[in-house]
Number of protein chains: 2
Amino acid sequence: MNAKINNRRLSPEDREQQILEGAIRFFAEKGFSGQTRELALQLGITQPLLYRYFPTKRSLIERVFEEVYINKLDPAWSAALTDRSQSLHKRLCAFYCNYSEATYRNEWIRIYMFSALMEEPLNKHYIGLVEEQILMPICIELRDYCGLPTKDISPISQVELDHIWVMHGGLFYHAIRKHIYRSRVSTNFEEIVSRAVSTMLEGTKAAQL
Amino acid sequence: MNAKINNRRLSPEDREQQILEGAIRFFAEKGFSGQTRELALQLGITQPLLYRYFPTKRSLIERVFEEVYINKLDPAWSAALTDRSQSLHKRLCAFYCNYSEATYRNEWIRIYMFSALMEEPLNKHYIGLVEEQILMPICIELRDYCGLPTKDISPISQVELDHIWVMHGGLFYHAIRKHIYRSRVSTNFEEIVSRAVSTMLEGTKAAQL
DNA sequence: ACCTTAGTTTATCAGATGATAAATAAAAAC
DNA sequence: GTTTTTATTTATCATCTGATAAACTAAGGT
């Protein structure tokens, strides 16, 4: 990216990109009821120029969703979750460090929550992916870790899934506290992850769940 | 409450209460950018009538905050948390069942999240109460449970607090999934609480955190 | 240098939205 | 039964807001 873009008369590609990036920042802060005039002001352009690049406000919002959500779940991470040559603790820590770096970001978290409150279908779709590609694999590995029967013997139950959701949600909630509540939180997220993973693994085994 | 209120010409007290309750339902659903005309329509009254009872939209929103937030943390619950005549597991389960019944409700959760995204000061205040009246006591009890030094010897650290935040947030996240994401979740929340508490207690002890 | 192209701005519209004032009508007071 | 009071509605305002059209201007081609 250019350090200082001359904001006057950009190429269509650059302008569109600039608007999109500005819109992500803007809507993450104000929510999607934020006004196009204020967005334009923040971008240093006039409001009608937005409409040369995006036919409606809604279409801009949908590009924001695309930009923010697309390709945030790397299939390699789920693959690594099931690689039993590594300890499960190590795999889970590595996963949550990667995952959090991609998604526990100010703009991602806030836009995610705004869109969920608006009942954007995107949210349900994303939750489906998380359960399928992350939580289910973890449940299966946890069964193995605790010496419990495989999913072929008895399928993963809703309660097992929700049990893992507590850890997953607890870590996600750290990002909510940071970026939505804007609370002071531990800067050392890796330590929080390591503790949460250890606790979940040892606790689940010890409590014989 | 009357089962079916005659909506025509109510006493000022009844009308104000009706508007307030309707506003809670309405803003919980649409967020605070929801429009007064739509609220009035939903209440079966005309929009200017709102302004007889609340001078501005903002003042109505502030009444909604009051109504939703006030007196939701019963001091008796925190007191019960430190009653060592009961097992810590039992105390925590009892606490989270009480707490969730008061706060993990559709309107509470959604208004809470909308207000947090708007950076209402209320949110920061509430988080302070939670840390002080709920999480700190739990940290202290957990130290005792794990045979670790009391807070007089070494004060509760941010990492310890964040460790408990993972469980607390994980349970709260269950309500987010239910009321904000509107996902299908376990109906038996008590079981989820019991598992989360057991896992946290046994895991923290076993992992020697 | 001139002309053409196209990125940007100025001016403006139509409908939405918070809020107010006057008119109406139901209940209370007498 | 008439008058007074007041809860409610109708009508309306000013501003905001998404969107459009025309004017302007910087850059590239000739």
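Chain A is the first sequence line, chain B the second, and so forth, proteins listed ahead of strands; every chain is numbered from 1.
Among the nucleotides D:dT8, C:dA19, D:dA19, the one closest to the side chain of B:Lys57 is C:dA19. Ranking D:dT17, D:dT8, C:dG18 by closeness to the A:Arg37 side chain, first place goes to D:dT17. For B:Tyr51, counting side-chain heavy atoms from C-beta on, the closest listed nucleotide (C:dT9, C:dT17, C:dT20) is C:dT20. Which of D:dA21, C:dG18, C:dC13 sits closest to the side chain of A:Pro48 comes down to D:dA21.
Rounded to an integer number of Å, the gap from CD1 of B:Ile45 to P of C:dA25 is 19 Å. With rounding to whole Å, A:Gln18 atom CD is found 12 Å from C:dT8 atom C1'. When the C1' atom of C:dA26 is taken as reference, atom CG of B:Leu49 falls 14 Å away, rounded to whole Å. In this structure, A:Leu43 atom CG and C:dT8 atom C1' are separated by 14 Å, rounded to whole Å. B:Leu41 places its CG atom 17 Å from the P atom of D:dT8, with the value rounded to the nearest Å. Atom pair B:Gln35:CD and D:dC16:C1' shows a separation of 12 Å (rounding to whole Å applied). Atom-to-atom, CG of B:Leu39 to C1' of C:dT17 comes out at 13 Å; the value is rounded to the nearest Å. Between the CG atom of A:Leu10 and the P atom of D:dA27 there is a distance of 11 Å, given to the nearest Å.
Atoms OG and CD, from A:Ser11 and A:Glu16 in turn, are 10.0 Å apart once rounded to the nearest 0.5 Å. Residue B:Glu131 holds its CD atom at 12.0 Å from CD of B:Gln133, rounded to the nearest 0.5 Å.
Residue contacts for A:Pro12: at a heavy-atom cut-off of 4.0 Å it reaches the sugar-phosphate backbone alone, with no base atom in range. Counting any heavy atom pair closer than 4.0 Å across all strands shown, A:Phe54 reaches no nucleic acid atom. Using a 4.0 Å heavy-atom distance criterion, B:Thr56 is classed as a sugar-phosphate-only contact.
Close to C:dT8, at under 4.0 Å from its OP1 or OP2, lies a side-chain N or O of A:Tyr53. For the pair A:Thr36 and D:dG18, the criterion of a side-chain N or O lying under 4.0 Å from OP1 or OP2 is met. Between C:dT8 and A:Arg15, a contact under 4.0 Å exists linking OP1 or OP2 to a side-chain N or O.
Counting atom types as modelled, A:Arg9 pairs a side-chain N or O with a base atom of D:dA26 as donor and acceptor under 3.5 Å. For A:Gln47 against D:dA19, a side-chain N or O and a base N or O form a donor-acceptor pair under 3.5 Å. Remark: the B:Arg52 side chain and the D:dT8 base include no donor-acceptor N/O pair separated by less than 3.5 Å.
Not less than 6.0 angstrom separates the ring centroid of B:Tyr173 from the ring centroid of B:His168. A:Phe114 has its ring centre no less than 6.0 Å from the ring centre of A:Phe65.
In terms of heavy-atom proximity, A:Ile134 sits nearest to A:Tyr99 at CD1-CE1, 4.0 Å.
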B:Gln17 vs B:Glu13, side-chain hydrogen bond (donor to acceptor under 3.5 Å, both in side chains): CA-CA, chis, key distance, verdict: CA-CA 6 Å; B:Gln17 190 60 26; B:Glu13 299 74 36; over 6 Å; no
